Amino acid sequence: MIINHPLLGPRDSAEFVYLGAAELMNRPDPETGNAEDWHDYAYLRDNPAGVHRELWFHEGGDRSILIVTRDTTTHEISSVELARKTGAQA
């Protein structure tokens, strides 16, 4: 699978490490989150068939984190963006 890195161009997916769903960037607030919020964040995951936003770490390159929108049934990638540009919590 080829991931079109926004800064470096097309890269083989072997350069990347899959980190999980992009929603993982939105952690519960440490000050106000309760045990249920943290349990859900840590243990409950969707396993979607179809279009899904994912975090990928460019371990074999510039060490950036990307949000890749990919169809999990065909592996077709529809968009790639730098995670730091999305405005989501890190």
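Residue numbers start at 1 and run along the sequence shown. What you see is a predicted model; the values in this text were computed from it and never measured.
For the 3.5 Å distance criterion, the side chains of His75 and Arg70 qualify, holding a donor opposite an acceptor.
A salt bridge links Glu81 and Arg53; the closest N-O separation between the charged side-chain nitrogens and carboxylate oxygens is under 4.0 Å.
Tracing side-chain contacts under 4.5 Å through hydrophobic residues (I, L, V, M, F, W, Y), one never reaches Val51 starting from Val80; they form parts of separate clusters.
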Throw together a table of side-chain donor-acceptor distances under 3.5 angstrom for residues 37-44, partners on residues two or more places apart or in other chains.
| from | atom 1 | to | atom 2 | distance (Å) |
| --- | --- | --- | --- | --- |
| Asp37 | OD2 | Asn34 | N | 3.2 |
| Tyr41 | OH | Leu24 | O | 2.9 |
| Tyr41 | OH | Arg27 | NE | 3.4 |

With a 3.5 Å cut-off and sequence neighbours excluded, list the donor-acceptor pairs that the side chains of residues 56-65 form with protein atoms.
| from | atom 1 | to | atom 2 | distance (Å) |
| --- | --- | --- | --- | --- |
| Trp56 | NE1 | Glu54 | OE1 | 3.0 |
| His58 | ND1 | Asp62 | N | 3.4 |
| His58 | ND1 | Asp62 | OD1 | 2.9 |
| His58 | NE2 | Glu15 | OE1 | 2.6 |
| Asp62 | OD1 | His5 | NE2 | 3.4 |
| Asp62 | OD1 | Ser64 | N | 3.2 |
| Asp62 | OD1 | Ser64 | OG | 2.8 |
| Asp62 | OD2 | His5 | NE2 | 3.4 |
| Asp62 | OD2 | Ser64 | OG | 3.4 |
| Ser64 | OG | His5 | NE2 | 2.9 |

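In this structure the side chain of Thr69 never reaches within 4.5 angstrom of the side chain of Ile77, judged on heavy atoms.
Environment of CG in Asp46: sparse, with no more than 12 heavy atoms of neighbouring residues, nucleotides or ligands closer than 6.0 Å.
Atom CD1 in Ile3 sits 12.0 Å away from atom CG in Leu8 (nearest 0.5 Å). The structure places CZ of Arg84 at 12.0 Å from CD1 of Ile67, a figure rounded to the nearest 0.5 Å. Note that CG of Leu55 is 8.5 Å distant from CD of Glu23, once rounded to the nearest 0.5 Å.
In this view, Thr72 satisfies the side chain to side chain donor-acceptor pair (under 3.5 Å) rule with no residue, not counting sequence neighbours. Judged as a side chain to side chain contact (heavy atoms under 4.5 Å, CB included), and not counting sequence neighbours, the contacts of Pro10 are Ile2, Asn4. In this structure, the side chain to side chain donor-acceptor pair (under 3.5 Å) partners of Thr73, at least two apart in sequence or on a different chain, are Asp71.
Annotation for Gly33 and Pro28: closest pair CA-CB, 4.5 Å, computed over non-hydrogen atoms.
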